[in-house]
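Working notes, beginning with the structure itself.
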Amino acid sequence: MSTVEASATADAVEAAVRTKTYSPRTIPVFGVVTQHEDSQGIFKPMDLNHIIKLLEETDKDDLEEKQLDCVKKLVHCYQNGFPLRDLAQVFKILGLCADKIERQPCFVEPASELIKLCGLPFLKKKVSDEITYTEDTANSLALLGELMKIPSSKLRIQICKCIIDFYHAEPPKKHIPGYQQVSSSYKIKMAEVGGLAKAMVQSVLLLENQLVEKLWVLKVLQHLSTSEVNCTLMVKGQAASRICARLNDPDPSGQLLFRSSEILWNLLERSSKEEIIQQLSNLECLLALKEIFKNLFMRGHSHYDRQLRNDILVITTIIAQNPGAPMIECGFTRDLILFATFNEVKSQNPLVKNLKLSNSYEDFELKKLLFNIIVILCKDLTTVQLLIDGNVILALFTYVKKPEKLKIVEWSAAQYEELQLHAIATLSSVAPLLIEEYMACQGNARILAFLEWCEHEDSFFIHGNSFHGTGGRGNKFAQMRYTLRLLRAMVYLEDETVNTDLCERGIIRQLIGIFKNMASKPDEKEEAIALEIQSDTLLILSGLCEHYIERKEMFGTEGVDIILYVMKTDPKKLQSGLGYNVLLFSTLDSIWCCILGCYTSEDYFLEKEGIFLLLDILALNQKKFCNLILGIMVEFCDNPKTSAHVNAWRGKKDLTAASLLIKLWRKEEKELGVKRDKNGMIVDTKKPLFTSFQEEQKITPLPANCPSVAVMDVAENIRAKIYAVLGKLDFENLPGLSAEDFVTLCIIHRYLDFKIGEIWNEVCEEIKLEKLRLVTSDKMSLESITAATENIGKMVASLQSEMIESQARQDVQNEQRVYAKIQATHKQRELANKSWTNFLARTSNAKTLKKAKRLQEKAIESSKYSERPQNAIFHQTVIKGLNTTVPSGRVVTVESTPARLLGGPLADTDIALRKLPIRGGALQRVKAKAPNEPKKSVPTQ
């Protein structure tokens, strides 16, 4: 019969089996029972061992009928399912029946019936049966795959139906006394353990010319491939290559292609992708995929055909990622390029002569997939000529233009926007490979014109729905972002023709204007996209201006201003994760490429305190910026005006630039594991700069053109740059250094000498390893160099010791001065306390007051001249009758009078002024005294 009829028959049989399988069942009975026994619930089990022995016998005449009769009784006995405990014996009976089929076809029917019962849920009497009979169950289910080798169409189809029933089992409809049904997941798991999937893959080779059975097997594999374990087993059985190679086999029903593609998808998703790609990367598989894709592309019109076509293209894209796939050899690459460009570049190729894509979702996805596979194919340089022949650059450039509103296009606005962005992204990968074609299409002019449209504000707003349109909703950020990526890719080719043409078209001024425009209109919602655009802008400027003084002059003060603008960014934003780190890296690269070497730009940068900003960033102590900033500082120090700016800078806590650099040196050495004592002094005078890595790395003889470990160390850390900066600042008269800094500075000052000594030590070690014998003069020279290096180390260590001792003496002197100040302070306090004690004694004890008065008078008398001069007038200085021991006048001052006795802070000033002034507080309110009231005496001391 025809393949169509066979397929229809298979589906009909499957439907009938399902209807019969899932019809309501009676209560299962295991054994041949009488009516009386049935009523009592007593079951007599069958002797399975007797049936096995009967099937193994071969020398009786009427044996066939007995064997068939026993198997039919067995089928009738287990019509409700097989118990797990009997499964091993039942499948042994099934195997014996299968062995007889080739000579006795009459056993096909009972074997099919037994297999049909395997599709029913297995039965367990105890919960532990699932664990107890795990091995028996797995081996039994594995036998189903082995039975596919029997040349019986009916048996094979029944096996396939049985396995499919594992995945479509219905819940139990009746309770079976004494038994429980095993879950379908248990059967699926046992099939995985038994390796059923691998056996079914191997059966595909037996069914190359039998379409119906092949479709059933593919349906089984489609179900089995939903499990990762089965997919792994199928991959081991070379399922991908075997199925893919037969994709193009004739099948009017279309099931073969659908099921095969579904299996390939499952394998790619649930097993080793690399191994699948390796299996599919052969000429036979790619030819099959090519023919299927071409057929679906040219003749597929239904929704299903288009979806299947796209699925095949995705699988092809995955295979194309393998450089060893013979995409070009099978002609698939040429056809894919043709299909990708025929809509934009007219072709007379008969494959696409009358083809036209619609704006349906499937065709739209196809277009994007074709752009995507071009990006993958262009990674193989042998594809370049095919890209040239296919006019890929011209086709992609048709999208790099302002959308024309009045022109009728085949894509919707949202679709065209997404294709436009995808085309620009594709150009970023393809255009650098086809520079001549890029220039022939006026690529620079088109890109700059499109970039100018992106910069201007008009009524056009994109939808921002696609992956490439992220962050571009309601603006043109997405177009600008991908256009700048394309420009960056072209500029960094360093092709003189391309870069000169860009500069002649005014790209430097245009990019500076774009940066200023983006900076003047910050958008918090799309901040990450805006930062990426600014970063790309600076990188493009760096690529254009590097090595060209005239271009640096074109960059000018406006360019320096945008660099200074970025450098003034709040340091807290560097940790935001939005892209400020990348922007700062781009900015530092721009300083190196666009400013250094141009004296006018350097002077303007210094005038605007650019060096201060650089040192501020360096003081943030972020390792990722240090190397680049120090490199810039080394170059900037060639300008004689730089030293004054560096020495004038002050950081937090009055930190100077020299102290900052020395701290960075100490931190770097700590990370490198350089041996230093607690004071930062040299420990090993022979190897004063050795890092822990250098100590671990054994010295091996190297060719002359290979740098040694000591030489590589110069480039791998920042010590050499710190030495260069401090050397250009002159190691003398560096401000703001502590004793610890001076100790470290001794090592930095001798960095070059120590590094030269390291290299000579390596030379000595290599000579020893190579067992070379030097002539006397060379040997003496080498020994003197080694000794000189060690002497320098000893001299530096001695100088460091002197500095530390001098600092220790200075610290002692400072400590003594501090102690002297403390002692004087304590003495003053003691004197003040003694004075206060005497004061209290005089005021509280009259005898003490009188004694103090006598002593005072005696002191006054003793201070006078013993003999009065002639004609001298004597003035009495002491007022008689005063009981005070302080110098007295006509005004009495009362000390420490409590405020509560004076009336408070709001005392009447006029009245208070009539009283005696009081020291120790503001004038207080007092009561006015009546005229006749007697005066009160004021106590005195």
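A side-chain donor-acceptor contact under 3.5 Å links N717 to the backbone of D713. In terms of modelled atom types and a separation under 3.5 Å, the side chain of S520 and the main chain of N517 share a donor-acceptor contact. Side-chain atoms of S806 never come within 3.5 Å of backbone atoms of M803 as a donor-acceptor pair (strictly under, hydrogens ignored). Proximity of a side-chain donor or acceptor of D589 to a complementary backbone N or O of F585 within less than 3.5 Å is not detected. Checking side-chain atoms of D684 against main-chain N and O of P688 turns up no donor-acceptor pair under 3.5 Å. Between the side chain of R650 and the backbone N or O of N647, at least one donor-acceptor pair lies under 3.5 Å. Side-chain atoms of K476 come within 3.5 Å of backbone N or O of H456 as a donor-acceptor pair. With hydrogens and angles ignored, the 3.5 Å screen pairs no side-chain donor or acceptor of E669 with any backbone N or O of V674. Of the possible donor and acceptor atoms, one in the side chain of N814 sits under 3.5 Å from a partner among the backbone N and O of Q810. The main-chain N or O of L655 is never found under 3.5 Å from a side-chain atom of S659 such that the two would form a donor-acceptor pair.
Under the 4.5 Å side-chain criterion, counting only non-hydrogen atoms from C-beta, L541 is not in contact with F515. Using a 4.5 Å heavy-atom threshold, the side chains of E671 and S692 count as separate. Within the 4.5 Å cutoff, side-chain heavy atoms of I424 are placed close to those of F450. At a threshold of 4.5 Å between non-hydrogen side-chain atoms, the residues L615 and I629 do not count as touching. Counting heavy atoms from C-beta outward, Y438 and L433 have side chains that stay 4.5 Å or more apart. A 4.5 Å side-chain heavy-atom check between V498 and L493 finds every atom pair outside the cut-off. V646 places a side-chain heavy atom less than 4.5 Å from the side chain of T642. Between I785 and I756, the closest side-chain pair of non-hydrogen atoms is not below 4.5 Å.
Closest non-hydrogen pair, C626 versus L664, comes out as SG-CD2, 4.3 Å. Contact record, Q807 with A739: OE1-CB, 3.2 Å, taken as the closest heavy-atom pair. The two residues M712 and P707 make their nearest non-hydrogen contact at SD-CG, 3.5 Å. Heavy atoms only, all atoms of each residue included: K755 and L689 are closest at N-CD1, 3.9 Å. Looking at every heavy atom in both residues, Y492 comes nearest to S542 through OH-CB, 4.2 Å. Nearest heavy-atom pair across T426 and V375 is CG2-CG2, 3.7 Å.
Taking the centre and axis of the six-membered ring of F477, the NZ or CZ atom of R481 falls outside the cone set by 45° and 6.0 Å.
In summary, the aromatic rings of W592 and F636 are positioned with their centroids too far apart to meet the 6.0 Å limit.
A distance of 9.5 Å separates CD1 of I682 from OG of S801, quoted to the nearest 0.5 Å. From F731, atom CZ reaches atom OH of Y723 across 5.5 Å, with rounding to the nearest 0.5 Å. Here the CG-CE distance, from D495 to M490, works out to 7.0 Å after rounding to the nearest 0.5 Å. For the atom pair Q697 CD and S708 OG, the distance stands at 11.0 Å (nearest 0.5 Å). Rounded to the nearest 0.5 Å, atoms CD1 (I632) and CD1 (I617) are 8.5 Å apart. With rounding to the nearest 0.5 angstrom, the CZ atom of F555 is 5.5 Å from the OG atom of S590.
Of the residues V775, L782, T776, the one that meets the side chain to side chain contact (heavy atoms under 4.5 Å, CB included) test with D778 is V775. Put simply, the residue from T500, D501, T497 that forms a side chain to side chain donor-acceptor pair (under 3.5 Å) with N444 is D501.
If you check the side chains of S428 and R485, you find no donor sitting under 3.5 Å from an acceptor. Remark: the D741 side chain and the S738 side chain contain an N/O donor-acceptor pair separated by less than 3.5 Å. A donor and an acceptor atom, one from each side chain of N499 and Y548, are nowhere located under 3.5 Å apart. Between the side chains of N621 and K663, not a single donor N or O lies within less than 3.5 Å of an accepting N or O. If you check the side chains of Y580 and D570, you find no donor sitting under 3.5 Å from an acceptor. At a cut-off of 3.5 Å, with distance as the only test, no side-chain donor of Q823 or Y819 sits close to an acceptor on the other residue. Counted by atom type alone, T691 and Q694 present one or more donor-acceptor pairs between their side chains at under 3.5 Å. A donor and an acceptor atom, one from each side chain of E602 and N639, are located under 3.5 Å apart.
A salt bridge links R488 with D536: the closest approach of a Lys/Arg side-chain nitrogen to an acidic carboxylate oxygen falls below 4.0 angstrom. For R509 and E558, the salt-bridge test passes: some basic side-chain N is under 4.0 Å from an acidic carboxylate O. Salt bridge annotation for K552-E546: absent, with no cationic side-chain nitrogen under 4.0 angstrom from a carboxylate oxygen.
In E607, the CD atom is crowded: over 12 heavy atoms of neighbouring residues, nucleotides or ligands sit closer than 6.0 Å. Other residues, nucleotides and ligands contribute more than 12 heavy atoms inside 6.0 Å of the CE atom of M795. Surrounding NZ of K728 are more than 12 heavy atoms belonging to other residues, nucleotides or ligands, all under 6.0 Å away. In this structure, Y565 places its OH atom where only 12 or fewer heavy-atom neighbours from other residues, nucleotides or ligands lie under 6.0 Å away. Counting heavy-atom neighbours within 6.0 Å of E770 CD, excluding the residue itself, gives a total above 12. R773 CZ: 12 or fewer foreign heavy atoms inside a 6.0 Å radius. Heavy-atom neighbours of K652 NZ from other residues, nucleotides or ligands within 6.0 Å: at or below the threshold of 12.
Ring geometry, Y751 versus W665: the interplanar angle exceeds 60°, so the pair is classed perpendicular (tilted spans 30 to 60°).
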Tell me, with the steps shown, if T587 and S535 meet side-chain contact (heavy atoms from CB on, under 4.5 Å). CA-CA 8 Å; T587 304; S535 300; over 6 Å; no
Worked verdict on E758 versus K687 for side-chain contact (heavy atoms from CB on, under 4.5 Å): CA-CA 7 Å; E758 276 185 23; K687 301 174 181 178; 5.8 Å; no
Start with the C-alpha distance between L614 and I591, add both sets of side-chain angles, then the distance that settles side-chain contact (heavy atoms from CB on, under 4.5 Å), and finish with yes or no. CA-CA 10 Å; L614 272 177; I591 295 174; 4.2 Å; yes
Determine whether L799 and E802 satisfy the following criterion, side-chain contact (heavy atoms from CB on, under 4.5 Å), listing intermediate values before the conclusion. CA-CA 5 Å; L799 182 59; E802 292 178 5; 4.2 Å; yes
